[in-house]
Every structure is written in C-alpha cells, then in structure tokens.
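Notes follow once the structure below has been shown.
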Number of protein chains: 2
Amino acid sequence: MNYSLHLQMNEKLYLRDPEQSDLGRRIVRQGILLIHEIGFEETTFRKLAERLGTKEASIYRYFENKHRLLVYIVAWYWRWLDYQVVYETNNITSPRQKLERILPILLQRSTDTPATPDDIDLRALHNVVIREASKAYLTRHVSDDNREQLFKPYKDLCGRLADLILDFNPNYPYARSRASSLIETAHYQAFFMENLPSLTNFGGEPTDDTLLAFLHHLLFSSIERTVKE
Amino acid sequence: MNYSLHLQMNEKLYLRDPEQSDLGRRIVRQGILLIHEIGFEETTFRKLAERLGTKEASIYRYFENKHRLLVYIVAWYWRWLDYQVVYETNNITSPRQKLERILPILLQRSTDTPATPDDIDLRALHNVVIREASKAYLTRHVSDDNREQLFKPYKDLCGRLADLILDFNPNYPYARSRASSLIETAHYQAFFMENLPSLTNFGGEPTDDTLLAFLHHLLFSSIERTVKE
DNA sequence: TTGCAAAGATAGTATTACTATCATAGATGC
DNA sequence: GCATCTATGATAGTAATACTATCTTTGCAA
C-alpha cells in the first residue's frame, strides 16, 4: 500500500498555491510533461493552457511567469529527493552505508518509492531537472531569487548531504562543495551520457550502471582521505 | 612582446565568418560584453545592433540567431583554453605537473597570457562562459547541433585532459568523465561561490584560493588510486 | 566604369509575454 | 432561496521579440 505524500512549498514560489485546486495541480503536472516533451525554451503558457483546455490568463493567476513555474517544479523535485534521502537512510547507522544509499536516489535508480506523490510523472520530472534545473539559477536575478528563498530546497538537500559527509569524515574540509558538486555531476554526466556520450566513459547500456560506479568512486575517493592543510 | 593569435573556427558556427570583417569582430566582442552585462536571456540582436551603431539585419547576416552566437562564443572560449593548456604544458615531462598547471587555467587564474587574442575581454568572456555555457547544449536540439560538430572544441579539450589523466594513471577507467566533470565543477563552483555561497566552502576572499585547492584535491584523490573493478 | 559584395535602411509578420476587464458558474453562508 | 464570493472563462489589447524580405547605398576590385 502507498501513502500519499504532500510536500509543503515556500509561498514565494507561486501567486496562488497550485496544490490547492484541480487546475493548479494540472498546471504543475502537465507543465512537467510539456517541458519534458518540447523543452523549456519552447514552452509557453499559451501552449500549456491549450493542453489543459484553459486560458493563458488562468495560468498567470498561479505563476508570475514560466521561469517561476520552472523554479517551482525544480524546488519540488529537491524536496522530493530530500524526503527520499531521509527515508532511505532512516535506521541505518553506518555513515558509509547512508551515503551509499543516497547515490541511486540522485540517479533516480531507487525502485522502492514509499509514498508516491500522486500523479506526478517522476521519470519525466527527473529528465526535466537534468536538462533544465540549472536554468532556474543561471540568471541575472539569482541573488534576488535567492533572497526570496526560492532555492532553499536545494540548499537544504546539499546541507543534508554535507552533514552525512561530515559524519563519515569529520575532518573533511569541503563538505558543502562536495555535496553540491556530487549532485551537479550526477545530472551533468547523465545528460552527457544520453546526448554527448564522448564526454563520458559510459556506453549507455541500461544494464551496467557505470555512472553509479563513477559517482561512488568520485565521492569516496575524495572523502576517505583527510585532506592535508 | 605579445604574439597575435587567431583561432580557426568551424564554419558551421556562423553564416558569415565574423573574423573576416570589422563588423563581424565587433559583433563577437561587443556580444560578449553585452551578454556579460545583461545576461543571455535579456540579450537581443536589436540591443546589440544599437550598441554597435548598426541594424539587426546586419547581425543576422553573421549568425542565424542568438543561440548560435552563444555557441560561437563558447566554442571560441574552449579553443582558447585548449591553446593555453598546450602552451602551459609544453616542455613539462611530469604528468602530475602538467595536470597541476591546468587547474589555474580552468579558473582563469594564470596571469601570463602568451599570445593575447586581440580585443577580446577575457575576464568578461570567462564570466559569460560560467553563467551561460551550459545553455549552449542544454537544449532540445543538442543532437542536431552535435551532429554539426558545434561542440567539437569542448570535446577536444575534454579529450586532451582525458589523455593527460591517462598519462598520469593508465589504469584509470573514467578519464573522459573525470575530465568533463572537472571542467564543469570548476565553473559551477565558481558560480556558486559568487552567487549561492552556502553551496560551497569558499568564503570569497580573493586572496586565498580554496576553490583551486578543492579542484586539486578532487582531481588527484580520484586519479591517484587505481579503481578496483 | 562596371560590377559585386557588404552593409544600411525600412518595413512587415507571427509569436511571446504579459495585463486588463468583464462575464459566468459553482460553492458557501445565512 | 438569495446574496456573495471565488475561481475560472472569455475576449481584447500592448510592447517586445525573433525573425524575413527588399531595396538602396557604399566602397573596392577588375
């Protein structure tokens, strides 16, 4: 049996809470699918409205613009990852084991989804995040968006991973950078593997998971040794 | 004394070679500055034309659209980095030393510019690449662009770094992924340090270069050990 | 001096990214 | 059963964007 899961989102992310109405939920869910299918640049509120059988103006009542919709979707993803990390590391004592359990989550390889967020296409979402997430912060107005706490879920997740790294090795001096670069590397390498494979050492056969092995190697080779000052 | 340097670019990158005319060169050089100042999203050919005292239509004679201009600028940067890598590692025999000399280049910390590409604001260019380069390939049409060899300079650079890694450790199984993730990590950690510092361990004082130390640590901790299969 | 290529000048189109306003339908309170 | 309130629908409109087309001018080259 599945439990239903609701992730509370920062109010600054929207004009009207999309989880509070049917239209709102469909905007988010179909938004993910549309961005997945045609890419963020090609996505417009008009196209999304047509797909939903509604009007542009209705979507604007929920989100200021499509960038904010992307930020919302990506923030939701980080909250969802954070939840999975907590769930998967619960009752594990060994810091090493905890970290090892996190790696498949970053690649969306963990099959057991305890509480499934209803109706959200997690596979599409994962691909959207890989291709589009960095566009949420690679803008001129990062600092403003950051001041509004729009990236808090990402920071929280990185903070959690950094803490686990410090549990494993209390002397490690780069825990936060290690955490953020682990997440980014997981995504970039997944994108490269799919689209620019010559930038990787991964063949692309879904059976052997060299990318997972690579991330494991990268993470532990760095945090196992205490860096000399 | 400086030598003048001209980097040959793939013909697919432009409609008319911008290095062959005064207007073309100004489009590239002022384009870098404009994107640096207002960001890629806000940049339009109209604004760039006004800045150049010319017309939109003239710019369209050189570049199909602003995405292609970005791809050109970024490709130029990778060629320039590649040149610097060759220059800085020339006559060095120790693979370790070669790799160590590359790290400051990735962060644009190397002060000695042997042949300076005329009139290009390298500092602005570096910042543009950090913030915008991934937008060159994080699109729906990556595969088409890749087929047209638009990303060859990036791949060449990664290939060169991968070869150096294999010189250092011939048994290392992830040389290409290690190379691409080193470059990407250098850039987004620099971005985070500047804009979302809580995702890093870097204070931001320009005197101590913790980011460089971090990259050094990441690279060598992974490639020093032979990964067990 | 004729010819050609680069750039200037002007105009036009479809689409985007919004904003504003008014009407309507359904739920809720009394 | 009526008032009311809220979410959405419907329509319209605007400034800007991302181009394309065409015609003219300029400057250099044969």
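Note: hydrogens, waters and symmetry copies are ignored here, and every other heavy atom, side chains too, is used. None of the values given here were measured: they were computed from a predicted structure. Reminder, nothing fancy here: chain letters follow the sequence lines and each chain counts from 1.
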Closer than 4.0 Å, any side-chain N/O of S58(B) to the OP1 or OP2 of dG8(C)?
-> yes

Protein-nucleotide distance (L52(B), atom CG; dG8(C), atom P), rounded to Å = 9 Å

Rounded to whole angstroms, how far apart are CG on D17(B) and P on dA6(C)?
-> 11 Å

OP1, OP2 of dA7(C) versus side-chain N and O of R16(B): anything below 4.0 Å?
-> yes

Side-chain donor-acceptor contact under 3.5 Å, R176(B) with S198(A) = no

pair H141(B)-H67(B): side-chain heavy atoms closer than 4.5 Å = yes

Got K55(B) and R46(B) here, is their nearest side-chain heavy-atom distance under 4.5 Å?
-> no

Quick one: is Y62(A) getting a side-chain N or O under 4.0 Å of the dT8(D) phosphate, OP1 or OP2?
-> yes

CD of E50(B) versus P of dA16(D): gap in Å, rounded?
-> 11 Å

Hey, is the side chain of R46(A) poking within less than 4.0 Å of OP1 or OP2 on dA17(C), counting only N and O atoms?
-> no

What nucleotide among dT11(D), dA18(D), dA9(C) has an atom nearest to a side-chain atom of K55(A)?
-> dT11(D)

Give the angle between the helix axes at the two ends of the helix from dT1(C)-dA30(D) to dC30(C)-dG1(D), taking five base pairs at each end and rounding to 10°.
-> 10°

Distance, rounded to the nearest Å, where E19(B) contributes CD and dA6(C) contributes C1' = 17 Å

Distance check: side-chain N/O of R61(B) vs OP1/OP2 of dG8(C), anything under 4.0 Å?
-> no

Specify the separation, in whole Å, of atom CD1 of I27(B) and atom P of dA6(C).
-> 13 Å

Step by step, work out the ring-ring contact (aromatic ring centres under 6.0 Å, His included) result for F214(A) and Y174(B).
-> CA-CA 7 Å; F214(A) 175 62; Y174(B) 307 118; 5.1 Å; yes

Between S180(A) and Q189(B), do the side chains contain an N or O donor and an N or O acceptor separated by less than 3.5 Å?
-> yes

Residue K66(B), side-chain atoms from C-beta onward, closest of dT16(C), dC18(C), dA18(D) | dA18(D)

Please determine if a side-chain N or O atom of S21(A) lies less than 4.0 Å away from the OP1 or OP2 oxygen of dT8(D).
-> yes

Nearest-angstrom distance from the residue atom CD1 of I59(A) to C1' of dA17(C) | 12 Å

Go through the steps to decide whether Y137(B) and F192(A) satisfy the test ring-ring contact (aromatic ring centres under 6.0 Å, His included), and finish with yes or no.
-> CA-CA 10 Å; Y137(B) 56 76; F192(A) 289 157; 5.5 Å; yes

Could you tell me whether E64(A) and K12(A) have a side-chain N and a carboxylate O separated by less than 4.0 Å?
-> no

Can you tell me how far C1' of dA18(D) sits from CG of L48(B), to the nearest Å?
-> 14 Å

No-hydrogen, no-angle side-chain donor-acceptor test under 3.5 Å, Y188(A) and S134(A) = no

Apply ring-ring contact (aromatic ring centres under 6.0 Å, His included) to the pair W78(A) and H187(A), showing each step before the final yes or no.
-> CA-CA 13 Å; W78(A) 298 127; H187(A) 288 166; 5.8 Å; yes

Y60(B) side-chain N/O to dA21(D) phosphate OP1/OP2 under 4.0 Å = no

Considering only dA10(D), dA7(C), dA17(C), which nucleotide approaches the side chain of L23(B) most closely?
-> dA7(C)

Rounded distance (Å) that lies between atom C1' of dT15(C) and atom CZ of F45(A) | 16 Å

N or O in side chain of T54(B) less than 4.0 angstrom from dG8(C) OP1/OP2 = yes

So with a 6.0 Å cut-off around NZ of K66(A), is the heavy-atom count from everything else above 12?
-> yes

Please list residues of residues 29-41 of chain B whose heavy atoms come under 4.0 Å from any atom in DNA chain D, ordered by number; otherwise none.
-> none

